[in-house]
**Q** 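This structure is in structure tokens; I'll ask about it shortly.
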Amino acid sequence: MFQKIIHNWSFIRFIRLILGIFIIIQSVKTQNYWMILPGILFSAMALFNTGCCGSSCSVPLKNKKND
């Protein structure tokens, strides 16, 4: 799991992490504490390199039949 956090960083992953940290900081600054949850969500998505649904919403591969 440590390898998943360290490797394969892309631009979108950096954006998600920055957005998550920004949301957390702004929610504490404005004392709007329920907004910490989306900040944690965005940060966790970036750290663990997952989407909103995790691994359950993948598109099935197309099977090619040789006729």
Side-chain angles (χ1 to χ4, degrees):
M1 175 146 71
F2 188 67
Q3 294 296 326
K4 193 173 188 179
I5 294 172
I6 292 179
H7 295 292
N8 297 329
W9 280 86
S10 64
F11 179 72
I12 296 300
R13 211 169 154 187
F14 278 117
I15 294 296
R16 269 191 259 161
L17 183 64
I18 291 169
L19 182 64
I21 292 170
F22 178 75
I23 290 172
I24 291 170
I25 291 170
Q26 286 299 316
S27 63
V28 170
K29 203 175 196 183
T30 61
Q31 297 178 351
N32 196 0
Y33 296 113
W34 62 273
M35 285 297 292
I36 290 176
L37 292 175
I40 291 172
L41 176 71
F42 277 108
S43 299
M45 283 173 31
L47 286 176
F48 298 117
N49 199 18
T50 60
C52 295
C53 302
S55 62
S56 64
C57 62
S58 61
V59 177
L61 295 174
K62 197 176 204 181
N63 289 335
K64 291 185 177 183
K65 294 182 181 179
N66 293 334
D67 292 329

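Remember, predicted model here, so these are calculated numbers, not experimental data.
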**Q** Of all the heavy-atom pairs spanning Arg13 and Ala46, show the shortest one and how long it is.
**A**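 It is NE-O, 2.6 Å.
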**Q** Please tell me whether Leu17 and Ile12 are part of a single hydrophobic cluster in this structure, the criterion being side-chain heavy atoms less than 4.5 Å apart.
**A**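 Cluster IDs for Leu17 and Ile12 differ.
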**Q** For the side chain of Arg16 and the backbone of Phe42, is there at least one donor-acceptor N/O pair under 3.5 Å apart?
**A**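 Not a single qualifying donor-acceptor pair exists.
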**Q** State, to 0.1 Å, how close Ile21 and Ser43 come at their nearest heavy-atom pair, and which atoms those are.
**A**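 Looking at all heavy atoms of both residues, the closest pair is N-OG, 3.7 Å.
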**Q** Test of understanding: clusters of I, L, V, M, F, W, Y form through side-chain heavy atoms closer than 4.5 Å, transitively. Do Ile40 and Met45 belong to the same one?
**A**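 No, no single cluster joins them.
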**Q** Please determine whether residues Ile18 and Leu37 belong to a single hydrophobic cluster, defined as Ile, Leu, Val, Met, Phe, Trp and Tyr linked transitively by side-chain heavy-atom distances below 4.5 Å.
**A**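 No; tracing contacts between hydrophobic side chains, which count when under 4.5 Å, never links both residues.
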**Q** Could you measure the distance from the OG atom of Ser10 to the CG atom of Asn49? Nearest 0.5 Å is fine.
**A**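 Taking OG in Ser10 and CG in Asn49, the distance rounds to 6.5 Å.
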**Q** Under 4.5 Å between side-chain heavy atoms, counting indirect links through other Ile/Leu/Val/Met/Phe/Trp/Tyr residues: same cluster for Phe48 and Trp9 or not?
**A**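 Same cluster.
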**Q** Does Ile15 share a hydrophobic cluster with Leu41, counting links as ILVMFWY side-chain heavy atoms below 4.5 Å and allowing steps through other members?
**A**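 Ile15 and Leu41: separate clusters.
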**Q** Tell me whether the count of non-hydrogen atoms from other residues, nucleotides or ligands lying under 6.0 Å of OH in Tyr33 goes above 12.
**A**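 Result for OH/Tyr33: enclosed.
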